[in-house]
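Okay, structure first, notes after.
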There are 2 protein chains.
Amino acid sequence: METESALQVLTGLAHETRLSIFRLLVEVGHEGLLAGEIATHLEIPGTTLSFHLKNMSQAGLVVSERLGTSIRYSADFDAMNGLVSYLTANCCGGNMSACAPRKKSTRRRKATASR
Amino acid sequence: METESALQVLTGLAHETRLSIFRLLVEVGHEGLLAGEIATHLEIPGTTLSFHLKNMSQAGLVVSERLGTSIRYSADFDAMNGLVSYLTANCCGGNMSACAPRKKSTRRRKATASR
DNA sequence: TCCATTCTTCTAGTAAAATAGAAATATTGG
DNA sequence: CCAATATTTCTATTTTACTAGAAGAATGGA
């Protein structure tokens with residue numbers, strides 16, 4: 001995965017509405033939902049939904065199929081799975097074990113709590 | 001992980017500069033880099049870097065430690081790992097195997113736009 | 001063909017995020 | 001205490017993203 005597409009996937013999820021859409025589609029599984037069903041479920045206008053679905057579709061987060069006058073959308077896990085590999089590529093200069101979730105005993109949080 | 005913090009993590013990575021920062025810190029490993037080293041490496045002004053590091057710090061993507069007049073930043077994988085679980089939570093109504101990379105499915109449902 | 005559905009694109013207005021200079025802050029050494 | 005260094009916060013400006021109404025396009029039925 002290239003930086004460009006990793007950014008698309010991240011941007012495709014980094015919005016409250018789009019994250020809701022994705023998780024909803026993840027929950028229902030491969031059969032997905034019709035655009036209208038998503039709009040009703042999340043209570044957002046169709047035009048707004050369409051804007052986000054286009055974004056997510058280009059990012060590879062969802063796939064669509066037309067069914068009559070409706071369009072069925074479903075989550076595509078491939079983009080998300082690829083993202084994780086991308087984020088940890090060349091982790092710790094090749095020493096992957098250092099990237100494993102650290103144990104609590106060795107974890108160190110920063111002392112200066114910003115915000 | 002809650003939706004709010006998942007969004008913070010995603011937003012924390014969904015920007016070209018911040019993604020570069022994160023991957024750079026992932027590569028160098030636990031020892032991290034000083035803020036100034038990051039700025040030099042990525043060729044961005046210190047104020048811009050600081051803006052992004054604050055963002056990422058609040059998202060839990062990086063941790064910092066002061067070393068004299070410098071501040072050392074390093075990647076924290078916990079937030080990213082938690083994100084993946086969050087994204088696939090309740091996947092396919094509990095049928096996790098359905099989330100594995102899929103084969104070409106011809107399954108199809110009747111187009112009823114009810115609800 | 002004409003019409004009702006369903007969804008998308010167009011468009012313009014609104015909101016949010018990013019940039020970077022100037023000023024401020026924390027630290028250490030003299 | 002003062003100066004030098006590294007970084008952050010403040011601020012204004014610019015850029016990008018989101019929203020949603022109106023209009024347009026695809027589909028299937030009568």
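Here the structure is a predicted model, which is why all the values come from computation and not from measurement. Just the heavy atoms: all of them, side chains too, but no hydrogens, waters or symmetry mates, feed the values below. Lettering of chains follows the sequences in order, A, B, ..., and the numbering in each one begins at 1.
Within the model, atoms CD of B:Glu37 and CG of B:Leu49 stand 11.5 Å from one another, a figure rounded to the nearest 0.5 Å. A distance of 10.5 Å separates SG of B:Cys92 from CG of A:Leu25, quoted to the nearest 0.5 Å. Residue B:Asn55 holds its CG atom at 4.0 Å from CZ of B:Arg18, rounded to the nearest 0.5 Å. Once rounded to the nearest 0.5 Å, the distance linking CD1 of A:Ile71 with CG of A:Leu33 reads 14.0 Å. The CZ atom of B:Phe22 sits 15.0 Å away from atom OH of B:Tyr73, with the distance rounded to the nearest 0.5 Å. Note: A:Asn81 CG to A:Asp78 CG = 6.5 Å, rounded to the nearest 0.5 Å.
Contact annotation: the side chain of A:Gln8 never approaches that of A:Leu61 to less than 4.5 Å [non-hydrogen atoms, C-beta and beyond]. With contacts defined as side-chain heavy-atom distances shorter than 4.5 Å, the pair B:Thr88/A:Phe77 qualifies. The shortest side-chain heavy-atom distance between B:Leu83 and B:Val9 falls under the 4.5 Å cut-off.
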Problem - B/S/- contact track for nucleotides 24-30 of chain C, protein heavy atom under 4.0 Å - result: --SBS--

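Remark: P of D:dT27 and CZ of A:Arg72 are 16 Å apart, rounded to the nearest angstrom.
Dashed line: the shortest gap from a side-chain N or O of B:Thr47 to OP1 or OP2 of C:dA20 is not under 4.0 Å. Under 4.0 angstrom from either OP1 or OP2 of D:dT7 there lies at least one side-chain N or O belonging to B:Ser70. The side chain of B:Tyr73 contributes an N or O atom lying less than 4.0 Å from OP1 or OP2 of D:dT8.
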Run the side-chain donor-acceptor check on residues 38-46 of chain B: report pairs under 3.5 Å with partners two or more places apart or on a different chain.
unit_1  : atom_1 : unit_2  : atom_2 : d
B:Thr40 : OG1    : B:Gly36 : O      : 2.9

Side-chain donor-acceptor contacts of residues 10-17 of chain A below 3.5 Å, not counting sequence neighbours, with atom names and distances?
unit_1  : atom_1 : unit_2  : atom_2 : d
A:Thr11 : OG1    : A:Leu7  : O      : 2.7
A:His15 : ND1    : A:Thr17 : N      : 3.2

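Connection of B:Val28 to A:Tyr86 is established within a shared hydrophobic cluster, with ILVMFWY side chains joined at heavy-atom distances below 4.5 Å, either directly or through further cluster members.
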Contact list (N/O, under 3.5 angstrom) for nucleotides 15-19 of chain D vs protein:
unit_1 : atom_1 : unit_2  : atom_2 : d
D:dC18 : OP1    : A:Arg18 : NH1    : 3.1
D:dC18 : OP1    : A:Arg18 : NH2    : 2.8
D:dC18 : OP2    : A:Arg18 : NH1    : 3.3
D:dC18 : O3'    : A:His15 : NE2    : 3.4
D:dT19 : OP2    : A:His52 : NE2    : 2.3

Practice task
Could you check A:Val26 against B:Leu87 for side-chain contact (heavy atoms from CB on, under 4.5 Å), going step by step and ending with a plain yes or no?
Solution key: CA-CA 8 Å; A:Val26 164; B:Leu87 290 172; over 6 Å; no

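Proximity of residues 32-40 of chain B to DNA chain D (heavy atom under 4.0 angstrom from any strand atom) is restricted to B:Leu34, B:Ala35, B:Gly36.
Consecutive Watson-Crick or G-U pairs involving DNA chain D, each under 3.5 Å on both distances, make up stems of three or more pairs at C:1-30 with D:1-30.
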